[in-house]
Amino acid sequence: MQLSILLSNIGLIIVPRRKGSGQLMVPTNQRLLPLYISSILKSKAFRLQNVSVDDRYFSMLQFKTLPIEDIMLMIYPRLFPLHNLAETWTDKNSVPPRLSLTAEKLTRQGAFLLQTHEHFIIWIGRHVSEIFVNSVYNTRTYNDLPELRSGWISHGNAISDLIHDLIALLSKIRDAPITIISVREDSRFGALFLQHLVEDRADGQISYYEFYKKIQQQSWITNL
């Protein structure tokens with residue numbers, strides 16, 4: 001199954017190269033296709049390791065039955081920085097810039113919001129500012145936070161209200177219920193967040209960068 005998907009992906013993006021160029025030329029409307037295919041192969045429906053039969057079957061049913069908006073979030077969730085949201089979110093009527101789903105984008109001095117097809121998950125770095133912790137969670141320091149926290153309470157300050165507005169906007173776009181989970185960096189429940197960083201290596205599967213290199217190599221051989 002994985003091999004057939006990979007070969008189909010290769011066939012879709014192979015196009016003629018410019019003379020003298022060793023670069024793989026991908027049509028503009030297909031540039032995200034390798035990323036999405038790589039992410040699909042890491043989903044419970046298709047990955048080869050660490051997934052039960054029941055989880056695989058349920059994931060396949062989701063692919064068949066969920067609305068396309070939810071499927072896209074299941075394949076490639078949205079990731080936003082929260083610690084500098086006031087700087088990055090300049091137009092409150094549109095979604096702020098997203099981050100790539102890799103641990104390289106995380107910082108221990110920050111906090112990040114992940115929107116999946118099921119939850120909003122806030123990951124809190126261990127060195128995030130006390131101002132952020134106090135404003136968002138009404139708690140004095142990072143160490144006072146529980147490892148896992150469900151729910152959301154807006155505390156009527158600028159940082160808390162801004163995060164509330166972002167979650168409200170994202171929920172309005174999807175017209176879906178809001179389920180919010182907060183998890184500390186050093187929490188035992190960190191996998192709830194980290195499992196969605198699909199551009200990294202995980203469960204014996206290659207990273208997106210390695211996946212794309214394989215496509216380039218195979219495409220080069222095919223075009224010889």
Side-chain angles (χ1 to χ4, degrees), residues 28 31-32 34-36 38-39 69-142 145 148-187 189-200 202 207-209 212:
T28 301
R31 286 179 182 171
L32 291 177
L35 176 60
Y36 292 151
S38 174
S39 300
E69 294 83 3
D70 285 358
I71 292 176
M72 292 306 299
L73 285 173
M74 184 167 65
I75 294 172
Y76 198 84
R78 292 170 166 174
L79 180 63
F80 306 95
L82 295 181
H83 53 282
N84 60 350
L85 189 59
E87 302 168 14
T88 61
W89 194 20
T90 56
D91 181 3
K92 301 304 184 290
N93 294 315
S94 62
V95 175
R98 301 165 57 174
L99 298 176
S100 301
L101 294 178
T102 170
E104 292 180 357
K105 298 298 183 181
L106 304 181
T107 170
R108 288 180 168 175
Q109 289 75 33
F112 299 83
L113 175 69
L114 185 80
Q115 181 190 17
T116 75
H117 66 295
E118 295 177 317
H119 311 291
F120 287 99
I121 307 174
I122 299 176
W123 183 89
I124 310 162
R126 68 176 66 205
H127 297 314
V128 70
S129 73
E130 291 185 1
I131 293 175
F132 181 91
V133 173
N134 181 260
S135 299
V136 177
Y137 296 103
N138 198 30
T139 300
R140 197 167 68 86
T141 68
Y142 170 88
L145 293 170
L148 183 71
R149 175 172 175 165
S150 298
W152 173 267
I153 299 175
S154 181
H155 295 291
N157 57 70
I159 298 176
S160 178
D161 288 347
L162 196 60
I163 295 173
H164 175 271
D165 291 345
L166 174 59
I167 292 175
L169 175 63
L170 296 173
S171 301
K172 181 179 179 181
I173 292 173
R174 283 190 61 221
D175 191 24
I178 300 176
T179 304
I180 303 172
I181 300 171
S182 298
V183 59
R184 290 177 15 167
E185 177 188 347
D186 57 356
S187 170
F189 308 100
L192 292 172
F193 178 91
L194 297 176
Q195 66 179 333
H196 296 289
L197 300 182
V198 293
E199 295 191 36
D200 295 334
S207 67
Y208 168 63
Y209 176 79
Y212 192 73

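In this chain, residues are counted from 1 in sequence order.
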Side-chain heavy atoms of [X] within contact of [Y], under 4.5 Å:
X      : Y      : value
Phe80  : Ile163 : no
Thr141 : Val133 : no
Tyr142 : His127 : no
Pro34  : Tyr208 : yes
Tyr209 : Glu199 : no
Asp200 : Leu194 : no
Ile122 : Trp152 : yes
Leu106 : Phe193 : yes

How about Ile153: does its CD1 atom have over 12 heavy atoms from other parts shown lying under 6.0 Å from it?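 Counting neighbours around CD1 of Ile153, 12 or fewer heavy atoms of other residues, nucleotides or ligands fall under 6.0 Å, so no.
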Is it the case that over 12 heavy atoms from other parts of the model lie below 6.0 angstrom from the CZ atom of Arg140?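 12 or below, so no.
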For [X] and [Y], which heavy atoms make the closest approach, and how far apart are they?
X      : Y      : result
Ser160 : Ser135 : CB-O, 3.5 Å
Thr88  : Pro97  : O-CD, 3.4 Å
Leu82  : Phe132 : O-CE1, 4.0 Å
Ser182 : Ile124 : CB-CD1, 4.2 Å
Pro77  : Leu114 : CB-CD1, 3.9 Å

Is the distance from the ring center of His155 to that of Tyr137 below 6.0 Å?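 For His155 and Tyr137, the ring centres are not under 6.0 Å apart.
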From [atom1] ([X]) to [atom2] ([Y]), nearest 0.5 Å:
X      : Y      : atom1 : atom2 : result
Thr116 : Ile75  : OG1   : CD1   : 13.0 Å
Thr179 : Phe120 : OG1   : CZ    : 9.0 Å
His119 : Ser150 : NE2   : OG    : 9.0 Å

Relative to each other, are the rings of His83 and Phe112 parallel, tilted or perpendicular (30° and 60° limits)?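 Ring orientation, 0 to 90° scale: perpendicular.
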Within the distance-only criterion (no hydrogens, no angle test), does the side chain of [X] pair as donor or acceptor with the backbone N or O of [Y] below 3.5 angstrom?
X      : Y      : result
Trp89  : Ser94  : yes
His117 : Ile71  : no
Ser100 : Thr102 : no
Gln115 : Arg78  : no
Tyr76  : Leu101 : yes

Verdict with reasoning, His196 to Ile121, per side chain to side chain contact (heavy atoms under 4.5 Å, CB included): CA-CA 10 Å; His196 296 289; Ile121 307 174; 4.3 Å; yes
Dump the intermediate steps for side chain to side chain contact (heavy atoms under 4.5 Å, CB included) on Leu162 and Leu85, then the final yes or no. CA-CA 8 Å; Leu162 196 60; Leu85 189 59; 3.8 Å; yes
Check the pair Ser154 / Asp161 against side chain to side chain contact (heavy atoms under 4.5 Å, CB included), numbers first and verdict last. CA-CA 6 Å; Ser154 181; Asp161 288 347; 3.0 Å; yes
Among residues at least two apart in sequence or on other chains, which ones pass side-chain hydrogen bond (donor to acceptor under 3.5 Å, both in side chains) with Gln109?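 Listed in chain order: Thr107.
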